[in-house]
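Here is the structure we will look at.
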Amino acid sequence: MTMRKVVAGMQMSIDGLIDGPDGYTDWVDSWSDTFDLLPEIDACVLGSGMYSGYEQYWSAIKRDPHSPLEFTGELPTPEEIDYADFALGTPHYVLSKSRAGVEWENARIVRDVSGIEKLRREPGRTIYVVGGARTVSSLMDHGLIDELRLTIHPVVVGKGKALFDTVAKRHYLQLADAKRVDGGKVCLIYEVGERG
């Protein structure tokens with residue numbers, strides 16, 4: 001049986017943090033797709049902790065793409081406006097044991113990783129894990145991440161939330177691609193799997 005590919009994409013500091021001690025990521029200049037993945041994706045997965053802010057952020061852009069965002073104080077970039085269209089038109093699966101409901105019509109709750117395993121076996125294109133860190137770590141530990149895409153920002157934050165803080169197992173990665181992008185950032189693509 002052919003399994004759908006599952007890709008996790010995250011933005012992080014050079015010291016492996018996804019946000020600072022205050023919970024903010026002021027070094028990230030855009031939350032749009034930095035990996036050119038959107039044409040491949042027809043489902044997104046995210047954790048319950050990330051869902052509320054994610055839903056508010058992209059809904060605010062969709063409602064008024066020409067006003068500064070409360071989260072950043074900046075106008076949405078054209079790429080963020082495109083991503084808002086994608087986010088509100090693509091099925092989202094929120095991994096949560098306790099969340100009662102979700103606001104978006106295109107979102108549904110999945111109670112455990114077996115729901116993601118089932119989704120992976122269904123016909124479709126690539127599944128995009130948009131975060132957060134605990135969700136990415138849990139799915140990696142269950143062998144459900146095929147590819148890890150990281151945008152590394154040229155900043156050392158020092159303290160904050162580490163991307164792989166809750167990973168319970170050792171994982172071997174194979175570098176598939178690396179490219180330098182605007183602002184000194186680096187995009188790395190790793191295949192996740194057995195030791196090569």
Side-chain angles (χ1 to χ4, degrees), residues 1-12 18 31-59 61-62 79-80 82-151 161-174 176-177 187-194:
M1 173 187 286
T2 303
M3 304 284 266
R4 293 166 73 179
K5 184 177 181 180
V6 180
V7 176
M10 300 292 286
Q11 299 199 50
M12 61 191 278
I18 60 166
W31 289 104
S32 59
D33 171 32
T34 56
F35 308 107
D36 301 321
L37 271 171
L38 298 191
E40 302 173 28
I41 297 165
D42 64 359
C44 293
V45 173
L46 67 161
S48 181
M50 182 179 176
Y51 171 75
S52 296
Y54 180 93
E55 182 270 325
Q56 291 169 7
Y57 190 83
W58 299 113
S59 293
I61 293 174
K62 186 68 175 170
E79 294 80 12
E80 285 179 316
D82 289 345
Y83 190 92
D85 288 337
F86 162 82
L88 273 79
T90 303
H92 279 62
Y93 299 85
V94 181
L95 193 56
S96 174
K97 293 187 187 317
S98 59
R99 179 178 277 275
V102 288
E103 296 294 319
W104 277 351
E105 290 181 9
N106 67 329
R108 64 178 275 230
I109 296 172
V110 176
R111 292 295 177 201
D112 57 44
V113 295
S114 65
I116 306 305
E117 291 172 341
K118 181 175 182 266
L119 179 65
R120 195 177 186 204
R121 290 190 299 270
E122 294 173 359
R125 294 181 295 182
T126 299
I127 300 166
Y128 185 31
V129 181
V130 297
R134 286 190 309 268
T135 299
V136 171
S137 296
S138 176
L139 293 175
M140 280 185 73
D141 283 340
H142 283 88
L144 294 174
I145 303 287
D146 299 303
E147 192 173 275
L148 186 61
R149 296 190 179 206
L150 303 173
T151 298
K161 184 189 295 181
L163 174 55
F164 299 113
D165 192 41
T166 61
V167 167
K169 300 177 183 177
R170 182 176 295 188
H171 300 276
Y172 293 96
L173 310 176
Q174 295 286 328
D177 196 14
C187 286
L188 304 174
I189 300 176
Y190 288 99
E191 293 173 359
V192 181
E194 299 300 317

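Treat the numbers as computed from the prediction; the structure is a model and nothing was measured.
For the residue pair Cys187 and Thr151, the shortest heavy atom distance occurs at SG-OG1, 3.5 Å. Listed here is the closest heavy atom pair of Ser137 and Leu163: OG-O, 3.5 Å. When all heavy atoms of Asn106 and Gly89 are compared, the pair lying nearest together is ND2-N, 4.0 Å. Here the closest non-hydrogen pair linking Ala8 and Ile145 is CB-CD1, 3.9 Å. Looking at every heavy atom in both residues, Thr135 comes nearest to Gly47 through OG1-CA, 3.1 Å.
When side chains are defined from C-beta on, Lys161 does not count as touching Asp165, because their heavy atoms never get closer than 4.5 Å. Looking only at side-chain heavy atoms (C-beta outward), Tyr57 and Glu55 stay at 4.5 Å or farther from each other. Val45 has its side chain out of reach of Val130: every pair of non-hydrogen atoms, C-beta onward, lies at least 4.5 Å apart. Side-chain contact between Arg108 and Val94: absent, with no pair of heavy atoms (C-beta onward) separated by less than 4.5 Å. Ile116 is listed as a side-chain neighbour of Leu139, based on a closest heavy-atom distance under 4.5 Å. Side-chain contact check for Leu144 versus Glu117: some heavy-atom pair is nearer than 4.5 Å. Side-chain atoms of Ile109 and Arg111, non-hydrogen and from C-beta on, do get closer than 4.5 Å to each other.
Between Tyr54 and Trp58, the ring planes lie perpendicular to each other; the angle is over 60°, past the 30° to 60° tilted range.
Taken from CE in Met10 to CZ in Phe164, the straight-line distance is 8.0 Å, to the nearest 0.5 Å. The distance from the CG atom of Asp42 to the CD atom of Glu122 is 10.0 Å, given to the nearest 0.5 Å. Residue Leu148 holds its CG atom at 10.0 Å from CD1 of Ile189, rounded to the nearest 0.5 Å.
Side chain of Asp141 to backbone of Val167: no donor-acceptor contact under 3.5 angstrom is found. Distance alone, capped at 3.5 Å, places no donor-acceptor pair between the Ser138 side chain and the Arg134 backbone.
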Could you check His92 against Trp104 for side-chain contact (heavy atoms from CB on, under 4.5 Å), going step by step and ending with a plain yes or no? CA-CA 9 Å; His92 279 62; Trp104 277 351; 4.0 Å; yes

side-chain contact (heavy atoms from CB on, under 4.5 Å) between Val7 and Leu37, worked out: CA-CA 9 Å; Val7 176; Leu37 271 171; 3.9 Å; yes

Could you go step by step and tell me if Ile41 and Ile127 meet the side-chain contact (heavy atoms from CB on, under 4.5 Å) rule? CA-CA 6 Å; Ile41 297 165; Ile127 300 166; over 6 Å; no

Would you sort out whether Thr126 and Arg4 count as a side-chain contact (heavy atoms from CB on, under 4.5 Å), showing the intermediate values? CA-CA 6 Å; Thr126 299; Arg4 293 166 73 179; over 6 Å; no

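Ion pair Arg120/Asp146 flagged as a salt bridge, since at least one NZ, NE, NH1 or NH2 atom sits closer than 4.0 Å to an Asp/Glu carboxylate oxygen. Salt-bridge formation is detected for the pair Lys62/Asp85: a Lys NZ or Arg NE/NH1/NH2 atom is positioned less than 4.0 Å from an Asp or Glu carboxylate oxygen. Checked for salt-bridge contact, Arg149 and Asp177 miss the test: no charged N lies under 4.0 Å from a carboxylate O.
Between the side chains of Ser48 and Arg99, at least one donor N or O lies within less than 3.5 Å of an accepting N or O. In summary, the side chains of Tyr51 and Glu103 do not present any donor paired with an acceptor at a separation below 3.5 Å, with no hydrogens or angles considered.
Taking a 6.0 Å sphere around NE2 of His171, one finds it holds more than 12 heavy atoms contributed by other residues, nucleotides or ligands.
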